[in-house]
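Written below as structure tokens is the structure these notes are about.
We use all heavy atoms of the structure for the numbers below, so side chains are in, but hydrogens, waters and symmetry mates are not.
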Amino acid sequence: MTYKMSMYGLKTILITYLNKNPKLEEAIQIALENRFIDLSSVLTKYNSRTDYFKLASVETFHELEENLIELTKNELNYIYNLLPEPYSKFFKTFLMIYDFDLIYNSIMSSKHLTEIRPRFLESLESKEMNVYTFCTKEKIYECLLLTFLRKIRSDLKMLEQQRIFREDCSKTFGCIGLLIASRYLKHIYNLEKLGFATDSIDSFIKQIVLIANLDGITQYQLDNFVKRFYDIIKSHPNTATIYEAQHVYSKCKDLLALSTQVIDLLTLYLVNRYYEMYVLKYILPISWVYK
């Protein structure tokens, strides 16, 4: 039988992993300064993920990407196996965002859901994917994002109603709302650059707010975030994901880092590792060969 940790133990593990080197905040700063990371130096510090040393010896960008995926999956699987069911269900739903671009690109090339092989959820149950069927037929990225958000909201509501694990999930949902809004903004920007007509950003934000009451972050804050971030995308299109990581993660950290709730720390961890893959790919020396 798989051992499930106590709530105190889970919070300790999540805080420990959030503080492991290489740290996302430091990696983002290196990226913004247009430098590459000295991985060997970083990983000699206390509380480092020493298995990341293998990234220093990769010879191609493809090898780097494959190794990053493998390392991230191994750690995610370790955390997942420690979680009791209300949290593991949320965790599994959240992992869909790690593969959203892969899924959307596959759909746009007319692949059926059964042909898609996500990297982080290798064997998706049919019931997990059925809710996305309509979106895949319509080939609408917005639909995928909003359906994902509704599934997250459903999982969080179940957690809020739990007798044993009951927690206030409003701040967690506020953080995830920012993540979804930023993904949509980059999608809209790319469509506009290609000359396609796009829907109103304001309309999408209103739909996010309608899905749930965002107590963790107000609609006014969300609107302001969207306007600032869209200006950044237009000014820095080649590093938009780095700025996205900086702005979304810093806001999520403000909302969740000091929380005493497992769901808040778990969400912060999942957002952290999601952005970490993009940022590390940008600052590792092998990446500079392809810039």
What I'd like to find out is whether the side chain of [X] reaches to under 4.5 Å of the side chain of [Y], using heavy atoms alone.
X: Asn21; Y: Arg49; result: no
X: Glu66; Y: His62; result: yes
X: Phe225; Y: Tyr230; result: no
X: Leu10; Y: Pro84; result: yes
X: Leu64; Y: Thr60; result: no
X: Lys281; Y: Phe61; result: yes
X: Phe90; Y: Glu85; result: no
X: Leu149; Y: Phe173; result: yes

Do you know which two heavy atoms are closest between [X] and [Y], and how far apart they sit?
X: Asp264; Y: Asp168; answer: OD1-O, 4.3 Å
X: Leu266; Y: Leu14; answer: N-CD1, 3.7 Å
X: Leu255; Y: Cys175; answer: CD1-N, 4.0 Å
X: Ile233; Y: Ala240; answer: CG1-CB, 4.2 Å
X: Leu256; Y: Leu268; answer: CD1-N, 4.0 Å
X: Ala31; Y: Ile242; answer: CB-CG2, 3.7 Å

Please confirm whether the backbone N or O of [Y] pairs with a side-chain atom of [X], one donor and one acceptor, at under 3.5 Å?
X: Ser6; Y: Gly9; result: yes
X: Arg273; Y: Thr72; result: no
X: Ser48; Y: Thr50; result: no
X: Asn272; Y: Tyr249; result: no
X: Ser41; Y: Asp38; result: no
X: Glu167; Y: Leu159; result: no
X: Glu63; Y: Glu59; result: yes
X: Thr93; Y: Lys89; result: yes
X: Thr147; Y: Leu144; result: no

Gap between atom [atom2] of [Y] and atom [atom1] of [X] - 0.5 Å precision:
X: Ile263; Y: Met7; atom1: CD1; atom2: CE; value: 10.5 Å
X: Tyr78; Y: Asn74; atom1: OH; atom2: CG; value: 13.0 Å
X: Lys253; Y: Leu24; atom1: NZ; atom2: CG; value: 8.5 Å
X: Glu244; Y: Leu185; atom1: CD; atom2: CG; value: 8.5 Å
X: Ile30; Y: Ile37; atom1: CD1; atom2: CD1; value: 4.5 Å
X: Ile176; Y: Cys252; atom1: CD1; atom2: SG; value: 8.0 Å

task: Is it possible for you to say whether Tyr278 and Val42 belong to one hydrophobic cluster, with membership spreading through side-chain heavy-atom contacts below 4.5 Å?
output: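 Cluster IDs for Tyr278 and Val42 match.
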
- prompt: Same cluster or not: are Phe91 and Met158 linked, directly or through other Ile, Leu, Val, Met, Phe, Trp or Tyr residues, by side-chain heavy atoms under 4.5 angstrom apart?
  reply: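 No, because Phe91 and Met158 fall into different hydrophobic clusters, even though each may have its own neighbours under 4.5 Å.
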
message: Please evaluate residues Leu32 and Tyr243 with respect to the criterion side chain to side chain contact (heavy atoms under 4.5 Å, CB included), reporting the C-alpha separation (whole Å), side-chain torsions for both, the decisive distance (0.1 Å), and the verdict.
response: CA-CA 8 Å; Leu32 292 176; Tyr243 281 99; 3.7 Å; yes

task: Only counting residues at least two apart or in another chain, list the ones meeting disulfide bond (SG atoms under 2.5 Å apart) with Cys169.
output: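 By the disulfide bond (SG atoms under 2.5 Å apart) rule, Cys169 matches no residue at all.
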
message: Is there a side chain to side chain contact (heavy atoms under 4.5 Å, CB included) between Lys54 and Val58? Walk through the geometry before answering.
response: CA-CA 7 Å; Lys54 67 162 50 176; Val58 297; over 6 Å; no

query: Yes or no on side chain to side chain contact (heavy atoms under 4.5 Å, CB included) for Lys251 and His247, after CA distance, side-chain angles and deciding distance?
result: CA-CA 6 Å; Lys251 184 60 182 178; His247 286 267; over 6 Å; no

task: Could you tell me whether Glu75 and Lys20 have a side-chain N and a carboxylate O separated by less than 4.0 Å?
output: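 Between Lys20 and Glu75 there is no salt bridge, as every charged N stays at least 4.0 Å from the carboxylate O atoms.
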
- request: Taking only Lys NZ, Arg NE, NH1 and NH2, and the carboxylate oxygens of Asp or Glu, determine whether Lys23 and Glu25 approach each other closer than 4.0 Å.
  value: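 Result for this pair is no, no salt bridge flagged.
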
query: Should the ring pair His187 and Tyr141 be called parallel, tilted or perpendicular, given that the plane angle runs from 0 to 90° and is split at 30 and 60?
result: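 Tilted, since the angle between the ring planes falls between 30° and 60°.
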
Working for side chain to side chain contact (heavy atoms under 4.5 Å, CB included), residues Leu280 and Ile283: CA-CA 5 Å; Leu280 285 180; Ile283 62 174; 4.1 Å; yes

message: Does Arg183 qualify as a cation-pi partner of Phe100, given the criterion of NZ or CZ under 6.0 Å from the six-membered ring centre and within 45 degrees of its axis?
response: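 No, a cation-pi geometry is absent between Arg183 and Phe100.
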
- request: Tell me whether the guanidinium CZ or amine NZ of Lys11 lies under 6.0 angstrom from the six-membered ring centre of Tyr8 and within 45° of its axis.
  value: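 No.
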
message: Is it true that Lys186 and Thr241 share a donor-acceptor pair across their side chains at a distance under 3.5 Å?
response: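 The criterion, which ignores hydrogens and geometry beyond distance, is satisfied for Lys186 and Thr241.
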
field: Centroid-centroid under 6.0 Å between Tyr274 and Tyr98 rings
entry: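 Yes, they do, as the ring centres are separated by less than 6.0 Å.
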
